[in-house]
Amino acid sequence: MLRIAVPNKGMLSEPAWNMLAEAGYRLRTNTRQLVVQDPDNDIELFYLRPLDIAVYVGRGAIDVGITGEDLLKNSGTAALEHLPLGFGASTFRFAAPNESPISTLEDIQGKRVGTTFDKLVHDYLVEHGVEAETIHLDGAVESSVQLGVADLIADVVSTGTTLRNAGLRVFSEPLMHSEACLIRSPRLDKDDPRLAVLSRRLKGVLTAHQYVLMDYDIPVSKVAAAVAVTPGFESPTISPLHDKQWNAVRVMVPKAKVNQLMDDLYEVGARGIIVTALQASRI
């Protein structure tokens with residue numbers, strides 16, 4: 001049975017649960033369940049603290065897990081990134097008080113940096129030749145400066161509202177950009193057939209989120225021009241209609257470009273353009 005770890009809470013949890021559900025896996029029925037067995041799919045699902053997932057995958061008996069790239073890098077374990085999952089995007093930044101003279105990476109020299117990601121921050125500073133003390137905090141990092149624990153912080157930033165409310169401003173280049181990813185144990189072969197099935201299912205969910213199915217009618221004389229607008233993956237499906245002057249076309253297109261593609265197809269001569277959402281796929 002393949003053992004899979006997912007976050008039991010936090011910003012990555014619900015998207016991870018939804019992705020697994022869409023991929024056909026059984027989830028827990030109440031929040032007190034920490035382990036779910038899914039014999040139909042030959043998996044065992046473990047709900048763990050987000051900070052611990054990479055540790056259990058890298059050092060314990062969990063085969064694969066869903067976590068953030070930043071959490072993986074901060075874990076210091078041998079767990080390996082296997083597949084980016086396209087959600088949970090975040091940026092890791094330094095931030096200092098508005099009135100502080102700290103404004104460049106070099107200014108961090110000799111300072112105290114409050115962070116939950118102490119290994120990630122320490123490694124980044126060493127790589128850039130900066131000596132500073134990293135102060136490990138489990139939460140409310142933005143309060144550490146005001147409470148005298150740190151001179152500046154390093155934390156995940158999305159909109160920056162929380163930092164501004166705490167009287168902090170970001171500076172310097174981001175330490176890293178992160179998103180959710182599927183990670184695997186170094187003991188699990190990357191070609192393991194169980195991992196291959198899981199990866200195909202998750203990729204199918206990603207494709208279904210990113211693409212839609214587009215159908216339209218097009219005059220036979222304009223098929224080549226329409227296909228140039230919507231080439232699809234390998235090639236569109238083209239079928240003759242009762243009126244021999246027209247063909248029907250079915251093709252997958254990027255969801256983000258749907259309206260522009262519909263406009264372009266209409267200009268080429270396509271009519272009866274309709275779009276259908278995808279629930280699952282195997283590409």
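Along the sequence shown, residues carry numbers from 1. What you are looking at is a predicted structure, and each value in this text was computed from that prediction instead of being measured.
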Evaluate Thr134 against Asp118 for side chain to side chain donor-acceptor pair (under 3.5 Å), listing each step before the verdict. CA-CA 6 Å; Thr134 53; Asp118 41 314; 5.4 Å; no

Let's go through Ile62 and Ile4 carefully: what are the C-alpha distance in whole Å and the side-chain angles of both, what is the deciding distance for side chain to side chain contact (heavy atoms under 4.5 Å, CB included) to 0.1 Å, and is it a yes or a no? CA-CA 6 Å; Ile62 299 294; Ile4 305 174; over 6 Å; no

List the steps, then state whether side chain to side chain contact (heavy atoms under 4.5 Å, CB included) holds for Asp123 with Leu125. CA-CA 6 Å; Asp123 291 349; Leu125 293 174; over 6 Å; no

Cys181 vs His82, side chain to side chain contact (heavy atoms under 4.5 Å, CB included): CA-CA, chis, key distance, verdict: CA-CA 7 Å; Cys181 60; His82 184 73; over 6 Å; no

So Met252 and Leu278, side chain to side chain contact (heavy atoms under 4.5 Å, CB included) or not? Walk me through it. CA-CA 9 Å; Met252 285 176 61; Leu278 296 173; 3.6 Å; yes

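Taken to the nearest 0.5 Å, the CG atom of Leu202 stands 6.0 Å off from the CG atom of Leu85. For the atom pair CD of Glu14 and CG of Asn18, the computed distance is 6.5 Å after rounding to the nearest 0.5 Å. A distance of 6.0 Å separates CG of Asn74 from CZ of Phe117, quoted to the nearest 0.5 Å. Taken to the nearest 0.5 Å, the OG atom of Ser75 stands 7.0 Å off from the CD1 atom of Ile183. Rounding to the nearest 0.5 angstrom, the gap separating the CD1 atom in Ile153 from the CG atom in Asp151 is 12.0 Å. Going from atom CE of Met214 over to atom OG1 of Thr230 covers 7.5 Å, rounded to the nearest 0.5 Å.
Side chain of Ser185 to backbone of Asp63: no donor-acceptor contact under 3.5 angstrom is found. At distances below 3.5 Å, not a single donor-acceptor pair connects side-chain atoms of Ser100 with backbone N or O atoms of Ala96. Ser144 places no side-chain N or O within 3.5 Å of a backbone atom of Val149 that could act as its donor or acceptor partner. At least one donor-acceptor pair closer than 3.5 Å links the side chain of Arg112 to the backbone N or O of Gly148. Here the side chain of Arg26 pairs no donor or acceptor atom with the backbone of Ile43 at under 3.5 angstrom. Side-chain atoms of Glu69 come within 3.5 Å of backbone N or O of Glu179 as a donor-acceptor pair. Checking side-chain atoms of Thr77 against main-chain N and O of Arg59 turns up no donor-acceptor pair under 3.5 Å. Side-chain atoms of Thr115 come within 3.5 Å of backbone atoms of Ala154 as a donor-acceptor pair (strictly under, hydrogens ignored). Although no hydrogens or angles enter the test, the distance criterion places a donor-acceptor pair under 3.5 Å between the side chain of Trp17 and the main chain of Pro7. For the pair Arg250 (side chain) and Pro236 (backbone), a donor-acceptor distance under 3.5 Å is absent.
Val205 and Tyr211 fall into different hydrophobic clusters, where Ile, Leu, Val, Met, Phe, Trp and Tyr are joined by side-chain heavy atoms under 4.5 Å apart, directly or via other members. Taken together through direct or relayed side-chain contacts under 4.5 Å among Ile, Leu, Val, Met, Phe, Trp and Tyr, Leu241 and Val268 form parts of separate hydrophobic clusters. In the hydrophobic cluster analysis, where Ile, Leu, Val, Met, Phe, Trp and Tyr join through side-chain heavy atoms closer than 4.5 angstrom, Val170 is grouped apart from Val130.
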Contacts under 3.5 angstrom, residues 255-266 side chains, donor-acceptor by atom type, not counting sequence neighbours:
residue	atom	partner	partner atom	Å
Lys255	NZ	His209	O	3.0
Gln260	NE2	Asp264	OD1	2.9

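Annotation: cation-pi pair Arg201/Tyr25 present, NZ/CZ under 6.0 Å from the ring centroid and within 45° of its normal.
Defined by atom type and a distance below 3.5 Å, a donor-acceptor pair is missing between the side-chain atoms of His136 and Thr116. Between the side chains of Arg164 and Asn98, no donor N or O sits under 3.5 Å from an acceptor N or O.
The side-chain contact (heavy atoms from CB on, under 4.5 Å) check on Pro240 picks up Asn247, with sequence neighbours excluded.
Across all their heavy atoms, Ile218 and Ala270 have their closest contact at CD1-N, 3.4 Å. Contact between Ala79 and Val57 at its shortest, heavy atoms only, is CB-CG1, 4.0 Å. Listed here is the closest heavy atom pair of Ile66 and Ala16: CG2-CB, 3.8 Å. Asp38 and Gly24 make their closest contact through OD2-O, 4.4 Å (heavy atoms, listed as atom of the first residue, atom of the second, distance). Looking at every heavy atom in both residues, Leu120 comes nearest to Asp70 through CD1-O, 3.7 Å.
Relative ring orientation between Phe171 and Phe94 is described as parallel, the plane-to-plane angle staying below 30° on a 0-90° scale split at 30° and 60°.
The number of heavy atoms from other shown groups lying within 6.0 Å of CD (Gln146) does not exceed 12.
Here Tyr56 and Phe46 keep their ring centres 6.0 angstrom or further from each other.
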